[in-house]
Every structure is written in structure tokens, then in C-alpha cells.
Number of protein chains: 2
Amino acid sequence: MTDLLETAKPMRADARRNRELILAAARELLGSEKADAQIDEVAARAGVGVGTVYRHFPDKEALLGELVRERFIRFNARLQEAIEDESAAPFDALAGALRRNAAESASDAATRRALMSGSERVFAHAEAEKEEFLRLAEVLVGRAHRAGELREDFVASDVPMVMCGVCSTMGKRDAGWEWERHLELVLRGMRPSG
Amino acid sequence: MTDLLETAKPMRADARRNRELILAAARELLGSEKADAQIDEVAARAGVGVGTVYRHFPDKEALLGELVRERFIRFNARLQEAIEDESAAPFDALAGALRRNAAESASDAATRRALMSGSERVFAHAEAEKEEFLRLAEVLVGRAHRAGELREDFVASDVPMVMCGVCSTMGKRDAGWEWERHLELVLRGMRPSG
DNA sequence: GGATAACATGAGCTACGATTCCGCTTAAGG
DNA sequence: CCTTAAGCGGAATCGTAGCTCATGTTATCC
């Protein structure tokens with residue numbers, strides 16, 4: 001979990017910049033095109049040497065892990081916004097957050113891949129954020145339940161579950177797979193029966 | 001597509017047996033435990049040398065491909081049964097087939113993995129079966145539509161899409177992910193609104 | 001400016017897993 | 001039985017990708 005309370009001495013300016021360059025390169029490379037992409041490519045793309053990558057991240061999984069962590073932070077921001085939005089009906093607030101997060105995931109193959117075939121090692125880096133995600137989801141689910149707008153048997157951990165399901169079908173438009181329809185299907189299934 | 005019309009000369013008895021041993025070993029090894037498992041392990045498990053594996057399958061993907069092909073054949077059998085079952089209501093026939101296929105997939109991590117992160121190469125081996133799957137799905141979807149039991153905007157290609165989604169959430173019971181509930185959620189979403 | 005601790009570099013090391021190759025074995029036909 | 005071609009074994013090869021390290025560079029502080 002990074003460094004609690006900035007105990008660490010501030011990085012040298014060039015080091016901080018390189019760190020960002022590396023993350024950006026990794027996002028671009030893993031995010032859109034190539035499924036895997038090796039460290040050497042990330043380094044080249046960032047305009048630094050491989051050694052520099054390893055100075056900032058102990059190993060490949062740490063780099064991937066940081067990407068996942070960032071993604072969760074964004075996910076959580078969406079949920080937080082939904083929680084703070086008093087104007088929307090509880091179910092719609094939840095649904096909106098899911099739609100927004102799904103849309104973001106659609107353009108980030110890297111994290112999707114990481115979220116799926118989830119190597120524990122990678123996930124470990126985002127443990128705190130993952131827990132926060134569940135906590136926020138619980139709030140939204142609870143409200144929707146109380147408003148009677150969400151099936152009784154829908155639980156907070158179903159939120160990441162269905163998100164995972166929808167994400168797994170992204171990027172296959174050529175087979176006629178439209179994740180937007182998939183998501184709407186799931187959202188309908190979440191409504192109370194009768 | 002194997003050999004059209006058995007044009008090939010019959011294999012030697014031991015060769016045929018070994019081929020089956022190899023497939024069985026691959027199913028067991030990739031199917032349940034280990035995520036990957038290398039050829040050497042499959043060979044050892046089958047009680048043959050690596051060379052023998054390569055005599056029967058040009059490369060690893062061909063072996064995986066055969067596994068996927070077998071799985072699709074079973075999937076298709078379920079759909080076929082649903083089509084032939086006159087007693088069930090159209091939607092229930094479709095839903096039943098999905099439930100059965102999902103249950104089978106749940107105990108076959110190998111194919112699930114292959115179906116997901118779908119390397120085209122692996123899939124190519126099951127092209128014919130994949131098309132047959134869609135053809136059968138179309139029949140069931142068409143019937144359910146005509147009976148007014150399925151949302152108008154649900155199309156045949158949504159069948160593999162939602163299956164993929166549900167499969168992607170299997171094997172994470174420890175996180176509270178129950179694919180059965182996930183599937184039921186999706187099935188509810190498939191029903192006509194109103 | 002100069003000292004120095006951080007930081008960067010990238011050739012090369014290492015591990016690992018897919019695939020090959022060739023001498024040996026054996027099923028199957030006569 | 002004997003021949004022989006199909007089949008087998010598994011050590012050795014090859015390619016790849018993660019990672020290390022000895023050497024060179026530079027931000028930062030005085």
C-alpha cells in the first residue's frame with residue numbers, strides 16, 4: 001500500500017518523472033493493443049532503460065498491480081459520486097455508477113485482463129482499494145434495497161461479480177457481442193421480481 | 001475438422017489408445033487444478049513421452065483446441081436436447097440448456113480458460129462446432145421469441161456472450177461469487193419487460 | 001563549482017517451457 | 001517368424017522474457 005503518511009524521502013525529480021512515463025507507457029501498451037507486452041517494450045515506449053523500470057517496480061507484477069490499483073481508485077471515485085448524488089433514485093445511482101465504470105473499463109484492456117485471470121500477486125497491490133470498493137458498493141446496494149428497487153437476494157459482492165462478467169465480454173464486437181446490451185440485461189435482472 | 005469421411009488410414013491400436021490417454025491427461029490437468037500445465041506434465045500424466053504428444057498434436061494449441069472442440073460438442077448436445085424436448089415452454093428449454101451447460105463448464109476450468117482469453121489459434125480447431133452452436137441457439141431463441149417469452153432485443157449471439165460472462169465469474173466462491181445466482185440474474189434479465 | 005548519493009543504462013545472464021530429432025520398439029500383414 | 005513402417009521416448013536444442021549488475025550520469029545540497 002505505497003507508503004503510509006509520506007514517510008519516505010521525496011524522490012528526485014527525474015525519478016518521479018520517469019516513474020510516470022513508465023506507468024503511462026504500460027497503460028498505453030497493455031491498455032489497448034497487445035495482450036501481454038514485455039517489460040523491454042514498456043521501457044522502450046517510456047524512453048528509459050529496462051533497469052529503470054526495475055528500479056521503480058520490483059517486478060512485472062508490481063507494475064501491473066499499480067495499474068490495477070489506479071483503476072480501482074477511479075472505480076471508487078464513480079461509486080463515491082453516486083453515493084453523493086442525492087438527486088437520483090437509489091437504483092439509478094447504482095446503475096449509473098456501473099455504467100460509467102463499465103464504459104471506462106471498455107477502453108482499458110490492461111486492467112480488464114488483470115482483473116480477470118486474476119493473479120493473486122497482482123491483486124495484492126490493490127487490496128485496500130478493493131476493500132474500499134466493496135464498502136462503497138455496500139452503501140449503494142443498501143440504499144437500493146431499502147428503497148425496494150433492488151432484488152432482496154442481490155448482495156454487495158455481486159457488484160464486482162457482474163462487473164467482471166460484463167468486462168469479460170468486452171472487445172469482441174466482431175462476434176456481435178455488445179457489452180452495453182449485456183450490462184443492461186444484467187441491470188434488468190437486478191430489479192425486484194414482480 | 002478432423003478428417004472428412006475417414007479418408008485416413010486407421011491408426012495403429014496403441015497410437016489410438018495413446019491419443020486418448022493424452023487427451024484424458026490434458027483434461028484432468030488443465031481441467032481442474034493448474035492454470036497452465038506444460039506439455040511435459042501432460043505427457044507424464046498420460047504415461048507417454050513428450051514426443052508422443054507431438055506426434056498426435058502438432059503443437060500445444062492443437063491439443064487445447066481439441067479440448068475446446070469436445071466441449072462444444074457437449075454444449076451442442078445440450079442445445080439439441082432442448083430443441084427436441086417438446087414438453088418444456090420455449091424459454092424454459094433455453095434456460096435449462098444454459099443451466100446445464102454452465103454447470104458442466106463449472107467443472108472444466110481448462111475450456112473456460114480457453115473460451116475466455118480466447119487465442120484465435122485455439123478456437124480455429126472448433127470453428128465448425130462453434131457455428132453449429134450458434135445455429136442451435138438461433139432455433140431456441142427464435143422459438144422463445146415467437147412465444148413472447150424472451151425480450152425482443154435478445155439475439156442468438158447473446159447466448160454465448162452471457163455464457164462467457166457467467167463462466168468468467170466461476171471459481172471465485174471464496175470472494176462470495178456464486179455463478180448460479182449470476183446466471184439466474186441474467187436469465188431474469190432475458191425475460192420480456194413489463 | 002564540487003561532492004555524493006540517487007538514479008539510469010542496457011548488454012547479458014538465467015530460467016523455463018515448447019519443440020525437435022534420431023535411435024529404439026512394436027503392431028500388423030504376409 | 002520376419003519385415004517394416006508406424007509409433008515411441010526423452011535428452012538436447014532453441015527461443016523468449018524476466019531480471020541483474022557493473023559502469024556511467026546527474027539532481028541536489030553545501
Side-chain angles (χ1 to χ4, degrees), chain A residues 3 6-26 29-30 33-68 110 113-114 117 119-122 124-125, chain B residues 3 6-26 29-30 33-68 110 113-114 117 119-122 124-125:
Chain A
D3 287 307
E6 304 299 320
T7 309
K9 41 280 167 191
M11 256 181 194
R12 236 168 67 173
D14 56 343
R16 186 162 33 254
R17 182 161 38 76
N18 277 337
R19 187 188 152 90
E20 284 314 312
L21 286 173
I22 290 165
L23 281 172
L29 224 39
L30 307 178
E33 337 149 32
K34 302 281 290 299
D36 39 345
Q38 48 265 54
I39 296 288
D40 297 49
E41 286 184 77
V42 173
R45 178 98 165 208
V48 303
V50 243
T52 305
V53 174
Y54 282 96
R55 159 169 294 274
H56 290 282
F57 304 94
D59 55 30
K60 196 177 187 179
E61 296 187 327
L63 175 55
L64 270 317
E66 180 60 18
L67 251 35
V68 170
R113 197 166 300 274
S117 66
S119 120
E120 301 303 324
R121 298 279 312 288
V122 172
H125 292 264
Chain B
D3 287 309
E6 303 301 320
T7 309
K9 40 278 169 193
M11 258 180 191
R12 238 168 66 173
D14 57 344
R16 184 162 34 256
R17 183 162 37 75
N18 277 337
R19 187 188 153 88
E20 284 313 313
L21 285 175
I22 291 165
L23 281 172
L29 223 39
L30 307 178
E33 335 150 34
K34 302 282 290 295
D36 39 346
Q38 49 264 51
I39 295 290
D40 298 49
E41 287 185 76
V42 173
R45 178 96 167 209
V48 304
V50 244
T52 305
V53 174
Y54 281 94
R55 158 168 296 273
H56 289 283
F57 303 94
D59 55 28
K60 197 177 187 179
E61 297 188 326
L63 175 56
L64 271 316
E66 181 60 19
L67 251 34
V68 169
R113 196 167 299 275
S117 69
S119 120
E120 300 304 324
R121 298 279 313 288
V122 171
H125 291 266

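Throughout, protein chains are lettered first and strands after them, A, B, ... in sequence-line order, and every chain is numbered starting at 1.
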Nearest-angstrom distance from the residue atom [atom1] of [X] to [atom2] of [N]:
X: A/Glu41; N: C/dG10; atom1: CD; atom2: C1'; result: 16 Å
X: A/Arg16; N: D/dT28; atom1: CZ; atom2: P; result: 8 Å
X: B/Tyr54; N: D/dT13; atom1: OH; atom2: C1'; result: 13 Å
X: A/Leu21; N: C/dA8; atom1: CG; atom2: P; result: 10 Å
X: A/Arg19; N: D/dA27; atom1: CZ; atom2: P; result: 20 Å
X: B/Arg45; N: D/dG9; atom1: CZ; atom2: P; result: 17 Å
X: A/Asp14; N: D/dG24; atom1: CG; atom2: P; result: 19 Å
X: A/Asp40; N: C/dC13; atom1: CG; atom2: P; result: 16 Å

Exercise for the section: Give the minimum heavy-atom separation between A/Ala25 and A/Val42, together with the two atoms involved. Expected result: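 Taking A/Ala25 first and A/Val42 second, the nearest heavy atoms are CB-O, 3.6 Å.
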Practice task
Measure across A/Ala37 and A/Glu41 and return the closest heavy-atom pair with its distance rounded to 0.1 Å.
Solution key: CA-OE2, 3.7 Å
Calculate, to the nearest 0.5 Å, the distance between atoms [atom1] and [atom2] belonging to [X] and [Y] respectively.
X: A/Asp40; Y: A/Arg45; atom1: CG; atom2: CZ; result: 15.0 Å
X: A/Leu21; Y: A/Thr52; atom1: CG; atom2: OG1; result: 10.5 Å
X: B/Leu64; Y: B/Glu61; atom1: CG; atom2: CD; result: 7.5 Å
X: A/His125; Y: A/Leu67; atom1: NE2; atom2: CG; result: 11.5 Å

Reckon [X] has a side-chain N or O less than 4.0 Å from the OP1 or OP2 of [N]?
X: A/Arg55; N: C/dA8; value: yes
X: A/Asn18; N: C/dA8; value: yes
X: A/Thr52; N: C/dT9; value: yes

Just wondering, do [Y] and [X] contact through their side chains at under 4.5 Å, heavy atoms?
X: B/Ile22; Y: B/Phe57; result: yes
X: B/Met11; Y: B/His56; result: yes
X: B/Asp14; Y: B/Arg17; result: yes

Exercise for the section: Rounding to 10 degrees, work out the angle separating the end axes of the helix from C/dG1-D/dC30 to C/dG30-D/dC1 (five pairs an end). Expected result: 20°
Exercise for the section: Please confirm whether any donor atom in the side chain of A/Arg12 sits under 3.5 Å from an acceptor in the base of C/dA6, or the reverse. Expected result: yes
Exercise for the section: Would you indicate what A/Val48 reaches in the nucleic acid, counting non-hydrogen atoms under 4.0 angstrom: base, sugar-phosphate, or nothing? Expected result: sugar-phosphate
Practice task
Looking only at side-chain atoms of A/Ala13, point me to the closest of D/dA11, D/dA27, D/dG18.
Solution key: D/dA27
Practice task
Please list, by residue number, the residues of residues 56-65 of chain A whose heavy atoms come closer than 4.0 Å to an atom of DNA chain C; answer none if no residue qualifies.
Solution key: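 Under 4.0 Å from DNA chain C: A/His56.
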Practice task
For B/Met11 and for B/Gly51, locate the closest nucleotide of DNA chain C by heavy-atom distance; then report the residue assigned to the nucleotide nearer the 5' terminus.
Solution key: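 Mapping each residue to its closest nucleotide by heavy atoms, the 5'-most match is B/Gly51.
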Exercise for the section: Scan B/Val53, B/Val48, B/Leu23 and name whichever one has a side-chain contact (heavy atoms from CB on, under 4.5 Å) with B/Asn18. Expected result: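 By the side-chain contact (heavy atoms from CB on, under 4.5 Å) criterion, B/Asn18 pairs with just one of B/Val53, B/Val48, B/Leu23: B/Val48.
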